[in-house]
Amino acid sequence: MPSAKWMRKKLRETIPSSAKQQSCKCFELWRTYFLQGTDKDRWNDQNGAIEKYQMLIEDLKSTLETSFSCTGENVRLKQIQKDTVKNIIRCLTYRIDAIRNPEEKKWMTVHELDKIKKIFKNFDEWDSCFPILILEETTNTSVVSLLSQDSGMGELYSSEENINNNNNNNHNSEHTLQSKLPRQPGLTRLSIQIHKFAVKDLKKVCDPYIAISLRDRDSVNLADIQYTKSSTRTQDYHAEFNNCNYEVQRYVEKIPKGSSIFFELRSSTDKKTKYYSVLKREQFATGRGYLEIYKGPVDYHHKQLRKVSQKKPLYCHISMTLLDQ
């Protein structure tokens with residue numbers, strides 16, 4: 001019986017060479033637009049950078065909506081490629097907005113945008129996580145949103161809305177604390193019990209809840225974001241969460257070094273992160289934990305942390321349990 005490797009090779013050989021060349025031509029054009037745009041961006045040629053970014057956005061949109069590139073090619077994208085294209089469009093849109101509004105210090109810098117370069121080097125075979133975290137605390141700006149349709153491909157449109165509405169579900173309508181991972185020989189599970197989140201001006205946070213995410217050193221999500229229910233009781237400086245359990249959805253041995261768990265205290269009214277705490281991978285250990293509290297918006301890259309913890313009671317109080325050790 002032929003091996004799987006041999007069958008894949010024969011399958012590639014059956015694709016007409018003209019189709020391969022056309023596909024490469026289309027992806028190479030995208031790469032060219034991107035490199036030209038970022039080069040002009042670094043040299044502060046703002047108009048030139050915006051022009052190249054817009055040309056790339058238009059062709060990416062056209063390919064998503066019609067499956068045809070501006071080169072006239074019929075481009076069949078896999079689902080992961082469609083998702084990647086949508087994220088690229090969003091990042092390019094944010095960068096254009098940042099160029100046009102430098103006084104507002106938008107988060108999408110050309111250095112951040114450069115992370116996309118590796119996608120264009122081999123777009124045809126890209127199947128990894130998107131290298132840029134789409135920040136959830138972006139203020140109101142013209143962004144690219146994605147609406148699902150019956151076709152499943154989605155519709156691209158511009159709107160004035162907070163990026164939180166694109167990335168997060170309403171925590172009240174879809175409670176997402178998940179159950180424990182199944183037991184696996186030789187692998188360790190981590191269960192975290194959340195007791196309370198204490199900050200000085202808690203009264204300013206309406207109906208608080210916590211969004212919990214596991215992220216690697218590049219701030220890429222390693223699992224779905226989970227949300228607690230709203231605080232069961234707020235008293236003085238404490239928002240209590242009735243010892244709710246957060247089950248980490250990766251085995252400890254499979255969590256990369258440099259990863260962290262973020263606990264974001266959010267207001268139910270605007271869904272924005274008011275305060276947050278960070279639990280680093282090297283801190284995983286059975287026992288009680290008191291996590292420093294930082295002022296929002298959240299900084300997943302640990303570069304501009306604004307600590308607000310003053311006394312030991314004003315911490316995020318948790319308990320950790322390493323299972324199956």
Side-chain angles (χ1 to χ4, degrees), residues 3-5 78-80 83-84 126-131 133-134 136 167-198 208-233 238-266 273 275-294 298 300-302 315-325:
S3 67
K5 183 177 180 180
K78 296 178 288 187
Q79 185 57 49
I80 190 170
D83 294 338
T84 299
W126 179 265
D127 60 356
S128 302
C129 294
F130 194 70
L133 170 73
I134 308 297
E136 299 172 355
N167 287 347
N168 299 315
N169 294 318
N170 186 313
H171 80 286
N172 288 322
S173 61
E174 189 167 339
H175 177 53
T176 59
L177 283 180
Q178 300 179 21
S179 56
K180 289 185 177 69
L181 290 171
R183 186 171 183 174
Q184 293 286 346
L187 296 178
T188 307
R189 296 173 293 174
L190 175 60
S191 179
I192 299 177
Q193 198 172 57
I194 304 172
H195 304 296
K196 55 187 177 181
F197 206 110
Y209 69 99
I210 298 177
I212 314 165
S213 59
L214 171 65
R215 301 173 185 270
D216 66 14
R217 65 170 69 247
D218 295 319
S219 72
V220 175
N221 274 321
L222 300 176
D224 291 338
I225 299 176
Q226 299 186 46
Y227 304 90
T228 68
K229 293 181 178 179
S230 296
S231 172
T232 54
R233 186 176 69 157
H238 298 90
E240 299 180 6
F241 290 90
N242 199 28
N243 300 331
C244 64
N245 287 325
Y246 163 65
E247 307 296 343
V248 179
Q249 295 301 298
R250 274 213 177 191
Y251 297 101
V252 173
E253 291 80 3
K254 296 187 177 182
I255 298 176
K257 291 183 179 180
S259 300
S260 301
I261 297 174
F262 290 81
F263 300 85
E264 302 175 41
L265 188 71
R266 296 182 177 179
T273 299
Y275 300 94
Y276 66 99
S277 291
V278 183
L279 176 66
K280 297 181 180 180
R281 188 192 186 285
E282 56 267 26
Q283 295 175 308
F284 294 173
T286 295
R288 191 90 175 194
Y290 302 92
L291 305 181
E292 296 277 8
I293 294 176
Y294 305 97
V298 63
Y300 298 118
H301 298 282
H302 310 281
Y315 281 65
C316 178
H317 297 243
I318 63 171
S319 294
M320 293 173 283
T321 304
L322 291 172
L323 306 171
D324 314 316
Q325 283 191 313

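No experiment lies behind these values; they were computed from the predicted model shown.
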Quiz item: Which heavy atom of Tyr209 sits nearest a heavy atom of Lys229, and at what distance?
Solution: CB-O, 3.8 Å
Quiz prompt | Flag side-chain contact, heavy atom, 4.5 Å: Leu177 against Asn245 | solution = no
Quiz prompt | Partner residues of Ser260 under the side-chain hydrogen bond (donor to acceptor under 3.5 Å, both in side chains) criterion, sequence neighbours left out | solution = none
Quiz item: Any donor and acceptor pair, going by atom type alone, linking the side chain of Thr286 with main-chain N or O of Leu322 inside 3.5 Å?
Solution: yes
Quiz item: Considering all heavy atoms of both residues, which atom of Glu264 and which atom of Val298 are nearest to each other, and what is their separation?
Solution: OE1-CG1, 3.9 Å
Quiz item: Should the heavy atoms of other residues, nucleotides or ligands under 6.0 Å from CZ of Arg288 be counted, would the total exceed 12?
Solution: yes
Practice problem: Quick one: pull up OG in Ser219 and CG in Asn221 and give me the separation to the nearest 0.5 Å. | Solution: 8.5 Å
Practice problem: To the nearest 0.5 angstrom, please state how far the CD1 atom of Ile255 sits from the CG atom of Leu222. | Solution: 7.5 Å
Quiz prompt | Aromatic plane relationship, Tyr294 with Tyr276 - under 30° parallel, 30 to 60° tilted, over 60° perpendicular | solution = tilted
Quiz item: Just how far is it from atom OG1 of Thr188 to atom CZ of Arg183, taken to the nearest 0.5 Å?
Solution: 10.5 Å
Quiz item: Checking Asp218 side chain against Val220 main chain: does a donor-acceptor pair fall under 3.5 Å?
Solution: no
Exercise. State the CG-OH distance between Leu323 and Tyr251, to the nearest 0.5 angstrom.
Key: 11.0 Å
Practice problem: Using side-chain hydrogen bond (donor to acceptor under 3.5 Å, both in side chains) as the criterion, list what pairs up with Ser319, not counting sequence neighbours. | Solution: His195
Quiz prompt | Exercise: identify the closest heavy-atom pair between Ile293 and Ala198 | solution = CD1-O, 2.8 Å
Exercise. For side chain to side chain contact (heavy atoms under 4.5 Å, CB included), just list the numbers for Glu292 and Val278, CA-CA rounded to whole Å, side-chain angles, deciding distance to a tenth of an Å, and then say yes or no.
Key: CA-CA 7 Å; Glu292 296 277 8; Val278 183; over 6 Å; no
Quiz item: Are any side-chain N or O atoms of Gln249 and backbone N or O atoms of Asp224, one a donor and one an acceptor, separated by less than 3.5 Å?
Solution: no
Practice problem: Kindly write out the residues that satisfy ring pair (Phe, Tyr, Trp, His ring centres under 6.0 Å) with Phe241, not counting sequence neighbours, or none if the list is empty. | Solution: none
Quiz item: How close do Leu291 and Leu279 get, heavy atom to heavy atom, and via which atoms?
Solution: CD2-CD1, 3.9 Å
Practice problem: To the nearest 0.5 Å, tell me how far Gln193 CD sits from Cys244 SG. | Solution: 8.0 Å
Quiz item: Between Arg266 and Thr228, is a side chain to side chain contact (heavy atoms under 4.5 Å, CB included) present by the stated rule, with each step listed?
Solution: CA-CA 10 Å; Arg266 296 182 177 179; Thr228 68; over 6 Å; no
Self-check item: Pairs flagged by salt bridge (charged side-chain N to carboxylate O under 4.0 Å, His left out) wherever residues 275-286 is involved - sequence neighbours left out
Solution: none
Self-check item: Contacts of type side-chain hydrogen bond (donor to acceptor under 3.5 Å, both in side chains), residue Glu240, not counting sequence neighbours
Solution: Arg233
Self-check item: Qualifying salt bridge (charged side-chain N to carboxylate O under 4.0 Å, His left out) pairs, either residue in residues 244-255, two or more places apart
Solution: Lys180-Glu247
Quiz item: Are any of the side-chain heavy atoms of Ser277 and Phe197 separated by less than 4.5 Å?
Solution: yes
Quiz item: For Arg189, what residues pass the salt bridge (charged side-chain N to carboxylate O under 4.0 Å, His left out) criterion, not counting sequence neighbours?
Solution: Asp324
Quiz item: With sequence neighbours excluded, what pairs up with Phe262 under the ring pair (Phe, Tyr, Trp, His ring centres under 6.0 Å) test?
Solution: Tyr300, His302
Quiz item: Which residues pass the side-chain hydrogen bond (donor to acceptor under 3.5 Å, both in side chains) test with Tyr246, sequence neighbours left out?
Solution: none
Quiz item: Under 4.5 Å between any side-chain heavy atoms of Ile212 and Ile192, yes or no?
Solution: no
